[in-house]
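The shown structure was predicted, so the numbers you read here are calculated from the model rather than taken from an experiment.
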Amino acid sequence: MTSTPRMISDISVITPTFNEEKQIPALAGLAEHVRELIIVDGGSQDKTAEEARNAGLMVVSCSPGRGGQLNLGAQRASTNILLFLHADTRLPDNFQSMITDCLCDPEVICGAFSLKIADSTPLLKLIAGGANLRSRLLSLPYGDQALFIRKDRFFDLGGFPDISVMEDFAFIRRAGKKGRVEILDAYVTTSARRWQKMGALRTTLINQLMIIGYFLGISPEKLERFYRQKR
């Protein structure tokens with residue numbers, strides 16, 4: 001009896017990393033279900049790059065800075081569907097068909113998933129709910145919601161700004177002027193480590209201050225310094 005061959009979706013997953021060796025096993029498992037998974041490492045000091053290569057993943061190294069890392073990954077991608085995935089974010093079942101179906105709509109320029117945080121505390125559930133409300137009402141999903149777009153449209157938009165913070169926010173605002181940003185009902189689940197490290201309320205406050213600073217025209221360099229100081 002012959003086994004049914006595994007269906008490989010024609011999607012390139014691009015994951016920027018910095019000291020993410022613990023996330024490599026999960027990413028290696030995901031790589032079996034897409035055309036390619038590209039790790040773009042920004043100078044990790046742990047074994048991220050080594051573990052990724054040992055797992056058979058494509059690894060590209062560059063200077064740190066998430067915007068630049070994501071753009072480099074997109075340049076190396078061999079498919080016309082790009083999925084930008086944070087190392088600690090997990091995708092739902094059947095994400096491949098959801099993405100391809102969504103991008104078949106010519107009015108949709110890019111999309112993202114709804115957000116779930118891997119923690120059952122009421123406050124983090126509230127924060128995730130607020131993020132989902134924001135992303136739907138304002139068409140402003142963030143990078144931890146797994147952004148996806150066709151490669152040709154990505155480069156038509158100029159890619160992500162080459163900055164270390166707010167690159168997802170700036171990109172989505174630009175994309176929303178060219179087409180519809182679709183938020184899928186299905187959830188990705190992202191790690192709670194960021195909120196656990198700094199505290200849920202403090203993390204949320206810092207995020208909102210970053211957005212306010214962006215709208216006030218404060219330079220990305222100053223915003224990054226502020227973000228690093230408060231972490």
Testing the 3.5 Å rule here: is there a donor-acceptor pair between the side chains of [X] and [Y]?
{"X": "Thr17", "Y": "Asp41", "answer": "yes"}
{"X": "Ser114", "Y": "Arg136", "answer": "yes"}
{"X": "Arg35", "Y": "Gln96", "answer": "no"}
{"X": "Ser44", "Y": "Glu20", "answer": "no"}

Are Arg134 and Tyr142 in a cation-pi contact, defined as NZ or CZ under 6.0 Å from the six-membered ring centre and within 45° of the axis?
->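 Pair Arg134/Tyr142 counts as cation-pi.
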Would you mind checking if Asp88 and Arg194 are paired as a salt bridge, meaning a charged N to carboxylate O distance below 4.0 Å?
->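 Not counted as a salt bridge, because no side-chain N and carboxylate O are separated by less than 4.0 Å.
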So do Leu85 and Leu30 actually touch side chain to side chain, heavy atoms under 4.5 Å?
->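 Yes - at least one pair of side-chain heavy atoms lies under 4.5 Å apart.
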Heavy-atom check, side chain of Phe171 versus side chain of Leu157, under 4.5 Å =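 Answer yes - side chains close enough.
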If you group Ile, Leu, Val, Met, Phe, Trp and Tyr by side-chain heavy-atom gaps below 4.5 Å, do Phe84 and Met58 land in one group?
->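 Yes.
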Partner residues of Glu182 under the side-chain contact (heavy atoms from CB on, under 4.5 Å) criterion, sequence neighbours left out =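 For Glu182, the residues satisfying side-chain contact (heavy atoms from CB on, under 4.5 Å) (neighbours in sequence not counted) are Cys102, Val108, Arg180, Leu184.
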Counterpart residues, side-chain contact (heavy atoms from CB on, under 4.5 Å), relative to Lys47 (two or more places apart) |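 In terms of side-chain contact (heavy atoms from CB on, under 4.5 Å), with neighbours along the sequence ignored, Lys47 is linked to Glu21, Glu50, Glu51.
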Sequence-distant partners of Phe169, ring pair (Phe, Tyr, Trp, His ring centres under 6.0 Å), two or more places apart |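 For Phe169 the ring pair (Phe, Tyr, Trp, His ring centres under 6.0 Å) partners, ignoring immediate neighbours, are Tyr214, Phe215.
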